[in-house]
There are 2 protein chains.
Amino acid sequence: MVAKGRPRKFDTNEALDKALIVFWQRGFEGTSLSDLTEAMGINRPSLYAAFGDKETLFRRALDRYAEVGPAAVLHGALQQPTARGVIEHLLRGVAEAFTHPDRPAGCLVVQGALSCGETAEAVKQELCCRRASAEAQLRERLERAKAEGDLPPDADTAILSRYVSIVVKGMSVQAADGASRAELLAVVDMVLNCWPAGRATSENLSNSGKGIGVLSRAE
Amino acid sequence: MVAKGRPRKFDTNEALDKALIVFWQRGFEGTSLSDLTEAMGINRPSLYAAFGDKETLFRRALDRYAEVGPAAVLHGALQQPTARGVIEHLLRGVAEAFTHPDRPAGCLVVQGALSCGETAEAVKQELCCRRASAEAQLRERLERAKAEGDLPPDADTAILSRYVSIVVKGMSVQAADGASRAELLAVVDMVLNCWPAGRATSENLSNSGKGIGVLSRAE
DNA sequence: AGTTATCTGTACCGATGAGTATGAAAAAGC
DNA sequence: GCTTTTTCATACTCATCGGTACAGATAACT
């Protein structure tokens with residue numbers, strides 16, 4: 001299976017990786033086609049022929065990110081045997097991936113198009129869906145843990161997964177602000193230390209009997 | 001003190017508030033001058049005469065945001081008598097402010113320019129500094145709490161303030177994703193429930209004797 | 001009334017945005 | 001060697017970007 005016409009002068013995968021890095025650094029709106037062609041080492045028509053328009057290229061980069069970037073951590077985490085293991089693997093893995101020395105800090109799915117103009121609205125929605133999907137997968141995994149007796153039967157998996165999701169998103173912003181790996185991991189340790197299942201108590205896994213917002217104060 | 005020349009046809013404060021909303025929704029890069037003039041109900045030269053260029057206007061909007069937006073919650077929180085009260089006021093206030101029905105979801109300081117092109121680099125840095133400043137203020141307040149015996153003497157205020165900062169940033173993204181006020185508040189309840197000082201134990205306030213990363217697993 | 005100072009509206013500036021037309025170049029198939 | 005097919009490089013399109021020149025309008029001050 002050899003191509004017929006003039007062969008490509010560049011490697012498509014390598015070029016996509018370069019594009020991924022640029023999008024990751026600057027976001028969708030902040031990246032111009034000139035930024036892309038310069039980083040990829042190709043010129044404009046080659047880019048369009050190989051990847052389609054800017055939005056299509058961004059989606060390709062997103063898929064690539066899901067395979068090799070921090071987003072890949074979730075997949076491994078979900079396969080851990082215990083709920084505690086899932087959370088630990090996820091948070092530690094993400095803290096490390098967000099501070100990888102050779103890659104942009106933080107998460108492309110968070111920073112790619114958090115708020116934007118109308119022209120990037122579709123991309124923003126796509127990222128929003130991916131974030132929601134990650135949280136949903138996590139929640140299903142915790143639901144399974146509950147069914148297996150790994151989490152107390154009154155655990156609120158919606159709140160738990162949302163909490164973890166929030167911590168991950170927060171770490172992404174913190175990493176973009178320049179937080180070091182050690183700083184993020186220290187927070188992860190604290191979160192894990194507070195992780196309810198680590199205490200073998202269900203009191204903070206739900207609000208059963210108390211109702212949301214009616215908590216005893218500690219003063 | 002009456003102005004001399006032709007009087008302004010619009011109210012400067014109202015116009016600034018309109019600009020704030022647009023920046024808050026679309027971010028710095030995602031907002032065009034046409035978006036601004038349309039929302040503010042004035043035309044371009046009036047905008048430039050009254051506020052300077054786009055970046056200056058954004059900074060004015062930021063200052064306004066610090067007074068009336070979610071950022072104002074921090075100020076009230078820092079004045080709470082106990083560390084626990086500070087955190088509770090901050091997290092609850094922010095959860096509510098990020099989901100105010102009449103305002104854009106989330107936080108301008110987080111979403112205004114998280115990642116961007118070169119032209120917005122200065123704005124990005126400014127936002128980064130403001131986030132860091134908030135965390136530093138929180139840390140100083142916790143340090144005071146430690147001095148007052150309100151927190152255990154071995155509490156690591158750097159990690160604690162960073163943790164709270166991460167939760168706030170994460171909630172901002174979550175709110176932008178469409179999370180409801182009740183959903184955020186439920187997470188806040190869980191965080192507060194896990195808040196170490198609420199348990200009158202210092203074991204998860206520091207890693208004393210164990211060292212970061214050497215935590216007992218719960219399996 | 002006349003002067004001066006400021007604001008408004010239109011119409012414009014050069015630069016850059018994303019996307020493309022076109023012809024030369026380089027390979028395979030015959 | 002010639003055709004076919006695909007890629008490459010230059011140079012272009014049109015729209016929009018942030019920012020401004022200029023003339024008319026509207027007020028206070030003298």
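Below, read A as the first sequence line, B as the second, and so on, with proteins coming before strands; counting in each chain starts at 1.
With contacts defined as side-chain heavy-atom distances shorter than 4.5 Å, the pair B/Arg92/B/Val73 does not qualify.
On the nucleic acid side, DNA chain D has its first and last nucleotide under 4.0 Å of a heavy atom of chain B at D/dC17 to D/dC29, going 5' to 3'. When DNA chain C is scanned in the 5' to 3' direction for atoms under 4.0 Å from non-hydrogen atoms of chain B, the outermost contacting nucleotides are C/dA5 to C/dT10.
Across all strands shown, B/Lys4 has heavy atoms under 4.0 Å from base atoms, whether or not it also approaches the sugar-phosphate. Within 4.0 Å (heavy atoms only), B/Thr31 reaches sugar-phosphate atoms of the nucleic acid but no base atom.
Ring-plane geometry between A/Phe28 and A/Phe23 is classed as parallel, the angle between the planes falling under 30 degrees on a 0 to 90 degree scale with a further cut at 60. Ring geometry for B/Phe51 against B/Phe10 counts as tilted: the plane angle lies between 30° and 60°, on a 0 to 90° scale.
For A/Glu118, the CD atom is loosely surrounded, since the number of other residues' heavy atoms within 6.0 Å does not exceed 12. Enclosure of atom NZ in A/Lys18 is not indicated, since only 12 or fewer non-hydrogen atoms of other residues, nucleotides or ligands lie within 6.0 angstrom.
Between the side chain of A/Gln174 and the backbone N or O of B/Arg162, no donor-acceptor pair lies under 3.5 Å. With hydrogens and angles ignored, the 3.5 Å screen pairs a side-chain donor or acceptor of A/Arg141 with a backbone N or O of A/Gln80. With B/Asp35 contributing its side chain and B/Ser32 its backbone, the two residues share a donor-acceptor pair below 3.5 Å. The backbone N or O of B/Ala95 sits less than 3.5 Å from a side-chain atom of B/Thr99, completing a donor-acceptor pair. Between the side chain of A/Trp24 and the main chain of A/Gly106, a donor-acceptor pair closer than 3.5 Å is present.
Within residues 41-51 of chain A, the residues approached by DNA chain C to less than 4.0 Å at the level of any non-hydrogen atom are A/Arg44, A/Pro45, A/Tyr48, in residue-number order.
In terms of position on DNA chain D, the residue among B/Gly5 and B/Ser32 whose nearest nucleotide sits closer to the 5' end is B/Ser32.
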